[in-house]
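All remarks here apply to the structure that follows.
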Amino acid sequence: MTDPGFGGLPRPQVTLDAARELAARLFGVTGEATELGSQQDRNVLLDGPRGRFLLKIGNPAFLPEETAAQNAAMRAVAAHGIACPTPVPTLDGREQAEVELDGRRHIVRLLSFVEGAPLIDRPYLADAVRAELGAVAGRVSEALAPLAGAGFERRLQWDLRHAEDVVAELRDFVPAERRTLIDAATAAAGAALAPLRELLPLQVVHGDLTDDNVVTEPGPDGRPRITGVIDFGDVAVGWRVAELAVSCSAVFHHRPGSPLAVLPLIAAFDERVPLTDDEIAAIWPLLVLRGATLVVSGEQQVVIDPENDYADSAREREWRMFAVPAAFDTRVATAAIRRRLGRPVESEPVPAGRPLLPAVPAVVDLGWSSRALRDGDWLAEPRGTEVRVLAAAAARAGAAATRYGEARLTRSHAPSATAPHDVALGIELRVASPQALTAPFPGRITPVEGGLRLVGERLELRIDGVDGSAEREVAAGDALGTVDGTAWLQLVAREGLVADPPRYVPADEAAAWTIRCPDPSTLLGITAAPQEETRASVLRRREGSYSTLQSHYYADPPRIERGWREFLIDTDGRHLVDMVNNVTALGHGHPRIAAAAADQWSMLNTNSRFSYGAVGDLSERLLATVPAPFDTVLLVNSGSEAVDLALRLARAFTGRPDVLCVQESYHGWTVASDAVSTALSDNPLAGETRPEWVHVVDAPNAYRGRHRGEDAGARYAADAVMEIDRLAAAGTPLGAFIAEPRNGNAGAIEVPPGYLAAVSAAVRRHGGVWIDDEVQVGYGRQGDVFWGYQQHEGVLPDVITVAKAMGNGHPLGAVITRREIADALAAQGSFFSSAGGSTLSARIGVEVLAVLHDEGLQEHAQRIGARLRERLERMQARHPMIGALHGRGLYQGVELVRDRETLEPATAEAGLICDRMLELGVVVQPTGDRQNVLKVKPPLCIGEASADRFVDALDAVLRDGW
Ligand code: PMP
């Protein structure tokens with residue numbers, strides 16, 4: 001490069017016509033010409049009979065050996081198995097031509113065109129995609145490592161070795177308020193880098209491996225796969241780690257904006273190109289410098305080339321690429337990187353000095369395990385609750401302290417799209433009466449407003465809420481001041497400190513922050529709390545001891561130990577909106593259920609062979625929800641048991657074993673209830689393995705089944721009736737027909753009108769009974785009706801099975817039927833289930849019905865369900881992937897398809913969408929044989945804000961990718 005400074009270079013002025021003429025004359029290639037973005041070259045896409053090519057008219061400042069070196073780099077990368085552009089020879093067999101334009105020499109090359117969409121077009125980059133970018137950067141680095149030659153020795157403004165000079169030269173282009181930040185961050189990063197500069201390995205680097213310069217194809221799951229690398233215009237010798245830094249930098253403007261989102265990328269690079277300790281230490285300062293050079297160059301480019309829309313549109317993106325790493329503590333970031341790469345991280349030793357207080361304070365729990373936090377008070381009144389808990393403990397013990405490193409529920413919020421900043425990097429102290437504090441280590445006291453700083457050699461103790469005495473030197477044990485009420489204590493490591501550390505950080509950053517803010521517990525005589533078990537270890541223990549047959553949601557599940565209303569709370573304090581727990585119909589942690597259970601346990605829990613009021617209470621209340629001739633209830637422990645018992649009753653009553661069920665259904669796990677379960681998602685072999693007494697007809701699905709449209713119900717019914725008649729004619733008339741009134745398992749699919757009336761009539765005509773399985777969709781969940789069968793005109797089942805919501809998670813199920821049917825079993829002996837209808841279970845069942853009524857939850861389900869439906873319908877217009885919306889009230893299904901015509905299920909996409917929804921704070925899961933329907937069946941108490949959070953999150957995922 002001829003220009004010794006770092007001024008930007010305007011692109012060569014070449015019209016599209018001229019470009020076309022050059023391509024035809026030099027390379028014999030013709031085609032339609034389109035301008036492609038570039039900072040300094042003129043790039044023209046040619047689309048013609050021989051395919052697509054990129055005509056590259058180099059900036060006259062670039063030398064022929066430099067472009068020749070780029071050609072060599074492209075060949076090396078291609079030889080390493082990574083798709084990239086390669087030079088197409090000129091008509092006379094050269095890799096590049098030289099032409100005169102406007103009196104200056106320009107290098108012209110024709111490059112093969114690499115198809116694919118640049119990664120930059122994807123707003124969201126999943127962990128796996130960021131890791132793939134790191135792996136590609138590592139492979140490119142491997143490919144380029146052996147190269148050498150004069151053409152690689154260039155003085156580029158993108159070479160991070162010159163970053164401080166570039167910023168110094170171009171900073172005036174930046175508006176004043178931003179310039180101050182750029183100056184300060186560049187100086188700090190430069191200082192951090194200074195001792196490392198000579199220690200960083202050099203090699204040929206691509207130099208611009210950004211999201212703009214890797215191209216992708218969508219994978220089968222809709223996630224982008226990196227298929228190639230482009231733009232070798234910045235190839236030169238540089239720091240090897242700079243290759244990585246440039247790729248990392250590109251991540252910051254994508255969602256999520258978390259600074260540590262670069263960790264998977266770094267880890268994937270390190271796997272291919274193991275980083276030295278010096279390189280690791282250099283990463284964060286280089287990220288800041290990369291961001292700063294992007295900002296200053298971008299601002300300058302807009303001034304010297306005002307027509308360059310490409311440079312203009314990049315400005316805000318480039319600012320984020322600077323501001324995100326610049327705002328994050330370098331020492332903490334480096335610790336986080338080292339942890340991720342499995343390198344040792346040395347913590348700051350806390351001096352075992354004199355205790356701050358004469359007596360050890362009591363330690364209070366404000367995390368997930370706290371019993372002092374009650375009934376959601378941490379959300380309703382967070383600060384008041386903290387003070388209440390602390391003050392109560394202080395009143396008992398004289399002084400009380402919170403736990404360092406604890407994810408405080410009181411610092412969480414719900415619902416929310418991002419992880420809360422809830423992990424405490426300090427300790428809050430509360431005293432019952434004024435107490436004197438003594439200096440734990442020697443240092444200089446600096447008073448600040450409302451508190452003081454004790455500045456020691458390596459550590460600084462920050463205390464807010466202590467009377468700020470005068471500036472002075474103190475020895476360990478000297479008086480510091482007096483605390484009255486509440487004070488905040490935080491230790492801060494001084495090395496490399498630029499800005500005040502936060503008091504609370506998100507859980508995924510917390511471990512790294514200990515390097516900056518060590519645990520002050522020992523200063524109070526508190527032994528540091530034992531490390532909480534990690535989610536990984538909880539999962540390992542489960543997998544080591546518990547059957548994997550009983551599977552879990554998510555590959556990397558959060559550890560959930562607490563809940564409140566519609567929120568599942570993980571041990572990091574995150575409140576996740578629970579869209580799947582229809583069982584917990586009243587919500588998690590319901591105070592009335594908890595109180596009823598505790599009270600009943602303390603009184604009596606026995607079995608229904610004894611006479612107590614609760615069995616009658618619950619049975620009467622259940623019968624009050626159904627019309628005559630229902631008059632009898634049997635109580636069991638689960639839906640499977642209810643279905644099993646219902647099948648037995650039907651067999652005893654009719655004397656016939658044969659049962660009809662529908663495809664894609666689930667009725668339970670016991671031998672009999674499993675026999676009538678046909679869902680392939682639960683049992684892929686269900687189709688071939690039904691016992692001979694089970695007969696299966698099509699699932700009446702008017703959206704994607706055999707019969708669609710208006711009269712689908714009648715046509716499905718006609719098929720079923722034909723089968724029913726055939727069975728009777730064959731001498732095996734049905735004893736029972738079992739179905740859900742809405743196919744819940746298949747995804748809240750509506751059973752079309754007329755179907756149940758016609759099928760149940762045919763079954764009865766031959767002497768059979770209809771078992772209506774309401775385990776999933778009954779109990780008020782659908783809003784407009786209490787029982788699902790009530791949505792079907794003119795029908796009444798013979799037997800109803802119910803469970804799940806009936807106990808709000810307590811194991812409780814029931815069969816509701818007529819006495820004649822129940823009594824038929826009596827001839828075969830008695831029926832007894834030890835815990836079915838126990839005092840406790842029956843009491844809980846009664847309380848659940850009372851809460852459903854008192855809180856108006858059925859009406860609430862109708863209102864929130866309608867809101868959800870309306871918002872989802874509006875979304876459906878924007879997102880072709882939403883093929884259909886099923887269900888009503890708080891039992892809905894969002895069916896995802898790849899194509900609205902073919903209805904090809906978006907199965908792989910649905911799984912990844914659910915993973916992304918979890919990051920956005922929503923627990924949702926796919927269901928159905930194709931696992932492509934998102935089930936929407938939250939606790940009935942779900943608030944509007946949480947329902948909206950679900951819709952907004954889904955909207956964002958479908959818009960931004962997964
Ligand atoms: N019937 C239906 C319709 C169900 O959805 C389920 C459970 N998913 C059951 C029966 C079995 O209930 P349980 O899990 O309580 O045994």
Side-chain angles (χ1 to χ4, degrees), residues 547 549-553 579-585 634-650 659-683 686 694 696 699-701 736-751 756 770-782 787-789 791 797 799-817 833 835-837 841 844-845 848 886-887 890-893 925-929 931 933 935-938:
S547 166
L549 187 59
Q550 289 186 269
S551 61
H552 56 79
Y553 292 138
M579 296 304 287
V580 302
N581 262 294
N582 58 325
V583 176
T584 320
L634 297 101
L635 295 175
V636 290
N637 304 299
S638 68
S640 300
E641 277 188 291
V643 169
D644 206 290
L645 177 58
L647 291 168
R648 259 182 88 184
L649 293 180
V659 177
L660 187 74
C661 60
V662 302
Q663 294 286 10
E664 225 181 317
S665 63
Y666 180 80
H667 295 291
W669 66 268
T670 61
V671 173
S673 60
D674 171 68
V676 293
S677 296
T678 51
L680 300 178
S681 50
D682 294 296
N683 176 5
V694 173
V696 186
N701 181 333
F737 161 61
I738 182 166
E740 289 184 89
R742 165 176 304 282
N743 197 342
N745 181 77
I749 313 293
E750 184 185 19
V751 173
L756 288 175
W770 168 25
I771 302 169
D772 172 41
D773 187 349
E774 299 270 1
V775 168
Q776 184 90 227
V777 303
Y779 242 60
R781 171 159 290 280
Q782 296 194 58
W787 296 112
Y789 78 81
Q791 280 167 350
V799 182
I800 293 174
T801 55
V802 57
K804 296 197 192 268
M806 197 186 157
N808 196 48
H810 182 86
L812 187 51
V815 174
I816 307 172
T817 185
S833 166
S841 294
I844 288 178
V848 167
H886 305 292
L890 289 177
Y891 203 93
Q892 299 193 28
Q925 288 291 308
T927 188
D929 276 2
Q931 292 288 295
V933 186
K935 42 188 169 189
V936 179
K937 44 176 197 164

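Ligands are counted one by one from 1 in listed order, and the atoms in each one are counted from 1 as well.
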| said: I want to check something: taking the side chain as every heavy atom from C-beta on, are Val694 and Cys661 in contact at a cut-off of under 4.5 Å? | reply: yes
Polar contact flag, side-chain donor to acceptor under 3.5 angstrom, Glu740-Gln776: no
Taken in chain and number order and not counting sequence neighbours, the residues that satisfy ring-ring contact (aromatic ring centres under 6.0 Å, His included) with Tyr666 are none
Any donor-acceptor N or O pair under 3.5 Å, side chains Ser833, Asn637
yes
The side chain to side chain contact (heavy atoms under 4.5 Å, CB included) partners of Thr927 (sequence neighbours excluded) come to Asn745, Val933, Lys935
side-chain hydrogen bond (donor to acceptor under 3.5 Å, both in side chains) filter on Asp674, not counting sequence neighbours, yields none
Near ligand 1 (heavy atom, under 4.0 angstrom), the protein residues are Ser638, Gly639, Ser640, Tyr666, His667, Gly668, Glu740, Asp773, Val775, Gln776, Lys804
